[in-house]
Chemist: 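What follows is a structure written as structure tokens; I'll ask about it next.
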Amino acid sequence: LINDANRRRDMVEEGCIPAVTQSLSGGKLSADSQEHAITVLAGLSVDRANHDEIIKKHGISPLIEALSAGHALSTTGKCNAAVGLAHLAADDSERQSLICDAIEPLVKWLVSCEEIEGAALRPAAAHSLASICRGNQDLQKRVAQANAIKPLVSMLEQHAGADAHRAACGSLATLAVSSTSNQKEIADVGAIPLLIDLMQDPKPDICENACFAVAMLSDLVDNKVLIANAGGIKPLIQVLSTGNPAAQQFAARAASLLALENPDNQIALVLAAIPLADLLGSDSTETQEWAQLALLRLALNPSNRNAIVK
């Protein structure tokens with residue numbers, strides 16, 4: 001029922017949200033009933049039109065409390081609570097401030113889950129953390145101060161699996177946006193070689209998220225050298241040609257940032273000129289702008305100019 005948009009609307013009109021939040025707040029539900037109520041609330045949070053009512057009816061607190069329920073709540077129930085919080089954060093700074101107390105228990109999932117349960121909880125935590133701090137530098141800092149970065153980087157390792165790779169790349173990219181301290185810490189704990197490997201992953205969404213992370217890390221001067229020295233230029237050029245549209249945009253952004261005031265990278269990226277020129281015809285204005293800026297920066301190096309003109 002929760003997967004059907006029409007049914008969700010009917011449930012809300014029938015007063016489902018206050019009934020569910022009141023039952024969760026009462027503390028008298030059995031474990032099975034609590035899990036069902038959390039699943040319903042998380043499902044209704046998919047629709048942004050429901051967010052204000054869920055917040056007004058005090059639906060955030062029981063979801064945050066569920067994160068620390070331990071064995072009293074199933075793995076599925078806890079994952080659903082994290083998903084609900086991720087939806088409610090909705091890249092909105094006011095809502096993020098209401099949900100930010102979820103940060104520490106979510107980080108705890110990254111570092112202290114039992115291995116079997118952790119395979120599900122860690123990706124859910126990474127995804128939720130990204131939603132809670134996206135576009136909010138104060139919360140990006142709080143997530144980093146909660147010691148999330150090192151365990152997120154460990155989720156990039158080959159044995160962690162596709163769900164972990166997908167979620168950790170996206171979360172690290174979000175933490176790195178416009179944060180030099182996070183960009184440095186992410187690089188210092190060894191993320192760059194792992195991200196470069198994942199840029200070559202055959203799964204398009206993992207490749208995309210890895211490119212997103214590399215692009216955000218490329219903003220830091222020291223990271224430009226680390227990315228090039230770790231072999232990041234060649235797969236970046238490949239993504240410019242073969243990646244999905246979002247991955248291509250991130251790759252163009254990374255190429256532009258890597259070339260900024262770095263003559264060695266400008267020369268190493270010369271073979272990116274052709275795919276970058278192709279992206280000038282992209283349907284995305286932002287992709288066009290990053291490709292154009294990358295080409296201009298490559299052309300600043302006299303050694304590249306003939307190749308770019310051709």
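Computed over heavy atoms, backbone and side chain alike; hydrogens, waters and symmetry mates excluded.
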Chemist: Between Asn262 and Val221, is any pair of side-chain heavy atoms under 4.5 Å apart?
Modeler: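 In short, these two side chains do not touch, never coming nearer than 4.5 Å.
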Chemist: For Cys207 and Met199, which heavy atoms make the closest approach, and how far apart are they?
Modeler: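 Looks like SG-O, 3.1 Å.
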Chemist: We want to know whether Ser93 and Asn136 form a side-chain donor-acceptor pair, criterion being a heavy-atom distance below 3.5 angstrom.
Modeler: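 Distance-only check fails for Ser93 and Asn136.
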Chemist: Examine distances only and state if a side-chain atom of Asn265 and a backbone atom of Leu258 form a donor-acceptor pair shorter than 3.5 Å.
Modeler: yes
Chemist: Before accepting this row, confirm whether a basic side-chain N of the pair Asp52/Lys56 lies closer than 4.0 Å to the acidic partner's carboxylate O.
Modeler: no
Chemist: Do other residues, nucleotides or ligands put more than 12 heavy atoms under 6.0 Å from Gln200 CD?
Modeler: yes
Chemist: By side-chain hydrogen bond (donor to acceptor under 3.5 Å, both in side chains), which residues pair with Thr285, not counting sequence neighbours?
Modeler: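 Thr285: no side-chain hydrogen bond (donor to acceptor under 3.5 Å, both in side chains) contacts found.
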Chemist: Closer than 3.5 angstrom, by distance alone: can the side chain of Asn209 be matched with the main-chain N or O of Cys169 as a donor-acceptor pair?
Modeler: no
Chemist: Closer than 4.0 angstrom, basic N to acidic O: yes or no for Arg142 and Asp101?
Modeler: yes
Chemist: Kindly indicate, with the supporting measurements, whether the criterion side chain to side chain contact (heavy atoms under 4.5 Å, CB included) is fulfilled by Val83 and Ser128.
Modeler: CA-CA 6 Å; Val83 169; Ser128 189; over 6 Å; no
Chemist: Given the rule that I, L, V, M, F, W and Y join up when any side-chain heavy atoms are under 4.5 Å apart, are Phe212 and Trp290 in one cluster?
Modeler: no
Chemist: Check whether Asn304 reaches the backbone of Leu298 with its side chain - one donor and one acceptor, N or O, closer than 3.5 Å.
Modeler: yes
Chemist: Under the side chain to side chain contact (heavy atoms under 4.5 Å, CB included) criterion, do Val214 and Phe250 qualify, and how do the steps go?
Modeler: CA-CA 8 Å; Val214 169; Phe250 292 134; over 6 Å; no
Chemist: Using a strict cut-off of less than 4.0 Å between a Lys/Arg side-chain nitrogen and an Asp/Glu carboxylate oxygen, indicate whether Asp138 and Lys141 qualify as a salt bridge.
Modeler: no
Chemist: Of the non-hydrogen atoms in Ile38 and Ala81, which two are nearest, and what is the gap between them?
Modeler: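 So the minimum-distance heavy-atom pair works out to CG2-N, 3.7 Å.
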Chemist: Between Ser179 and Ala176 (side chain of the first, backbone of the second, donor and acceptor by atom type, cut-off under 3.5 Å), is there such a pair?
Modeler: no
Chemist: Any side-chain hydrogen bond (donor to acceptor under 3.5 Å, both in side chains) pairs touching residues 41-50, not counting sequence neighbours?
Modeler: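 Checked against side-chain hydrogen bond (donor to acceptor under 3.5 Å, both in side chains) - neighbours excluded - the pairs reaching residues 41-50 are Arg8-Asp47.
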Chemist: Please check: side-chain N/O of Ser171 versus main-chain N/O of Ala126, any donor-acceptor pairing under 3.5 Å?
Modeler: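 Here the side-chain-to-backbone pair exists.
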Chemist: Using every non-hydrogen atom in the two residues, find where Pro193 and Gly190 come nearest and quote the distance to one decimal.
Modeler: CD-O, 3.6 Å
Chemist: Could you report the tightest heavy-atom contact between Asn301 and Pro263, atom names first, then the distance?
Modeler: ND2-O, 3.3 Å
Chemist: I'd like to know whether CD of Glu261 has more than 12 heavy-atom contacts from other residues, nucleotides or ligands below 6.0 angstrom.
Modeler: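 No, the 6.0 Å shell around CD holds no more than 12 heavy atoms from other groups.
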Chemist: Search all heavy atoms of Ala66 against all heavy atoms of Leu73 and return the closest pair with its distance.
Modeler: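 Of all heavy-atom pairs spanning Ala66 and Leu73, the closest is CB-CD2, 3.7 Å.
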Chemist: Given side chain to side chain contact (heavy atoms under 4.5 Å, CB included), test Leu152 with Leu175 step by step and report yes or no.
Modeler: CA-CA 11 Å; Leu152 283 170; Leu175 289 170; 3.7 Å; yes
Chemist: Crowded around Ile274 CD1? As in, over 12 foreign heavy atoms under 6.0 Å?
Modeler: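 Atom CD1 in Ile274 is not crowded, with 12 or fewer foreign heavy atoms closer than 6.0 Å.
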Chemist: For residues Glu35 and Ser74, is any side-chain donor paired with an opposing acceptor at under 3.5 Å?
Modeler: yes
Chemist: Answer with yes or no whether the side chains of Ser33 and Ser30 bring together a donor and an acceptor at under 3.5 Å.
Modeler: yes
Chemist: Give the minimum heavy-atom separation between Asn244 and Glu208, together with the two atoms involved.
Modeler: ND2-OE1, 3.1 Å
Chemist: Apply side chain to side chain contact (heavy atoms under 4.5 Å, CB included) to residues Leu236 and Leu269 and explain how you reach the verdict.
Modeler: CA-CA 9 Å; Leu236 191 68; Leu269 281 162; 4.3 Å; yes
